[in-house]
Trainee: 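Take a look at this one; I'll ask things after.
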Amino acid sequence: MKELKLRMEVDPEAEEELVLYCREITPDIMKLQQILAKAVGRAGQIILYKENTEYYMETEKILFFETEGTQVLAHTETELFETHKKLYELEEVLGGSFLRISKSAIVNLNRIYAIQRSLTASSEIAFQGTHKRIYVSRAYYKALKEKLEEKRLGI
């Protein structure tokens, strides 16, 4: 990849946006876009829905996302919302605090309280202050443990 030119413009009256100009979309450009999307999405909000109301929820309040049929649901400690995004789209925008733990779920790493390990089946994740639980499949368990260890060590 050629050396990139980086430029920032400050306009106090402009709406905040990040624009990436390129001649073509290469794997390096895609990777950069994903890194930027994750970095921007870390401390943000997401639009969630319940009945006819839109909610602008801070991502830190979300325990996990899971698919149920064709819907993707967002769980907080006490409520359940719907999102119009697919799990793979959520992975791109949520940032490093969220991790896929099965084909049908993404969890907020910052909200995990305990993991009840099972050698023969999926392990159960518990969250403090709520009865809600989600399962991490055996295929994703190692990645989850590694991410939790990185967070613990501040990596």
Side-chain angles (χ1 to χ4, degrees), residues 14-22 25-155:
E15 199 172 308
E16 290 213 17
E17 71 176 330
L18 187 58
V19 179
L20 182 61
Y21 295 98
C22 57
I25 297 176
T26 64
D28 287 336
I29 295 295
M30 287 300 295
K31 186 173 183 178
L32 181 59
Q33 184 270 336
Q34 291 171 349
I35 290 167
L36 292 170
K38 284 182 180 182
V40 170
R42 279 195 182 128
Q45 292 183 332
I46 188 168
I47 300 172
L48 301 175
Y49 304 88
K50 185 186 266 189
E51 297 172 8
N52 294 327
T53 306
E54 280 187 5
Y55 294 88
Y56 300 89
M57 182 74 59
E58 291 187 25
T59 56
E60 265 315 297
K61 291 185 177 182
I62 298 168
L63 301 174
F64 60 91
F65 294 90
E66 69 175 339
T67 57
E68 189 172 292
T70 59
Q71 294 181 311
V72 176
L73 304 175
H75 291 259
T76 66
E77 287 181 9
T78 58
E79 296 185 272
L80 184 64
F81 299 89
E82 185 179 343
T83 177
H84 293 164
K85 294 188 180 295
K86 304 288 183 202
L87 284 180
Y88 73 88
E89 294 171 324
L90 290 169
E91 280 183 295
E92 291 176 5
V93 298
L94 284 172
S97 296
F98 287 82
L99 181 71
R100 172 119 20 184
I101 57 165
S102 70
K103 288 183 180 180
S104 61
I106 296 172
V107 70
N108 184 342
L109 298 169
N110 295 330
R111 302 300 302 272
I112 293 175
Y113 178 66
I115 302 173
Q116 185 176 356
R117 179 85 163 116
S118 172
L119 296 174
T120 58
S122 299
S123 299
E124 185 179 52
I125 296 174
F127 305 93
Q128 193 163 14
T130 184
H131 67 281
K132 294 188 178 184
R133 304 283 189 264
I134 189 81
Y135 292 92
V136 56
S137 70
R138 289 185 306 166
Y140 290 84
Y141 183 80
K142 183 178 178 186
L144 174 63
K145 291 293 288 182
E146 288 173 357
K147 277 292 204 180
L148 289 171
E149 184 66 13
E150 287 174 12
K151 290 190 86 47
R152 189 181 73 75
L153 296 173
I155 298 175

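Worth saying up front: this structure is predicted, and the values here are computed from it rather than measured. Starting from 1, each residue takes its place in the sequence as its number.
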Trainee: To the nearest 0.5 Å, how far apart are CD in Gln45 and NZ in Lys61?
Mentor: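 Going from the CD atom of Gln45 to the NZ atom of Lys61 covers 9.0 Å.
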
Trainee: Write down the atom of Ile101, the atom of Tyr140, and the distance for their closest heavy-atom approach.
Mentor: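 Smallest heavy-atom distance, with atoms named: O-CB, 3.3 Å.
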
Trainee: Heavy-atom count check: over 12 atoms from other residues, nucleotides or ligands less than 6.0 Å from Glu77 CD?
Mentor: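 It does: Glu77 CD has more than 12 such atoms within range.
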
Trainee: Give the minimum heavy-atom separation between Phe98 and Thr59, together with the two atoms involved.
Mentor: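 Nearest pair, atom of Phe98 first, then Thr59: CZ-O, 3.4 Å.
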
Trainee: So which atom in Phe64 and which in Lys132 form the shortest heavy-atom distance, rounded to 0.1 Å?
Mentor: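 The pair with the smallest heavy-atom distance is CE2-CB, 4.2 Å.
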
Trainee: Could you tell me the separation between the CZ atom of Arg111 and the NE2 atom of His75, rounded to the nearest 0.5 Å?
Mentor: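 So the CZ of Arg111 and the NE2 of His75 are separated by 13.5 Å.
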
Trainee: Can you confirm whether His84 is buried at NE2, in the sense that more than 12 heavy atoms of other residues, nucleotides or ligands lie under 6.0 Å from that atom?
Mentor: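 Yes, enclosed.
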
Trainee: Starting at CG of Leu48, measure out to CD of Glu54 and round the result to the nearest 0.5 Å.
Mentor: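 Result: 10.0 Å between the selected atoms.
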
Trainee: Where do Tyr135 and Glu124 come nearest, in terms of heavy atoms and distance?
Mentor: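 Scanning both residues, the minimum pair turns out to be OH-OE2, 3.3 Å.
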
Trainee: Backbone N or O of Ile62 within a donor-acceptor pair of the Asn108 side chain at under 3.5 Å?
Mentor: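 Present.
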
Trainee: How many angstroms lie between CZ in Phe65 and CZ in Arg100, if you round to the nearest 0.5 Å?
Mentor: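 The CZ atom of Arg100 is 12.0 Å from CZ of Phe65, to the nearest 0.5 Å.
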
Trainee: Counting distance only, does the side-chain N/O of Glu79 pair as donor-acceptor with the main-chain N or O of Thr76 below 3.5 Å?
Mentor: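 Here the side-chain-to-backbone pair does not exist.
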
Trainee: Please report the interatomic distance OG(Ser102) to CD1(Ile125), rounded to the nearest 0.5 Å.
Mentor: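 So the OG of Ser102 and the CD1 of Ile125 are separated by 9.0 Å.
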
Trainee: Distance from Leu63 atom CG to Arg133 atom CZ, nearest 0.5 Å?
Mentor: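 It comes to 10.5 Å.
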
Trainee: Indicate the atoms forming the closest heavy-atom contact of Tyr49 with Thr83, along with that distance.
Mentor: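 So the minimum-distance heavy-atom pair works out to CD1-CA, 4.4 Å.
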
Trainee: Please report the shortest heavy-atom distance between Ser137 and Ser122, naming the atom on each side.
Mentor: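 Nearest heavy atoms, Ser137 then Ser122: CA-OG, 3.8 Å.
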
Trainee: Considering residues, nucleotides and ligands other than Lys145, do more than 12 of their heavy atoms fall under 6.0 Å from its NZ?
Mentor: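 No - once you tally the heavy atoms of other residues, nucleotides and ligands closer than 6.0 Å, there are 12 at most.
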
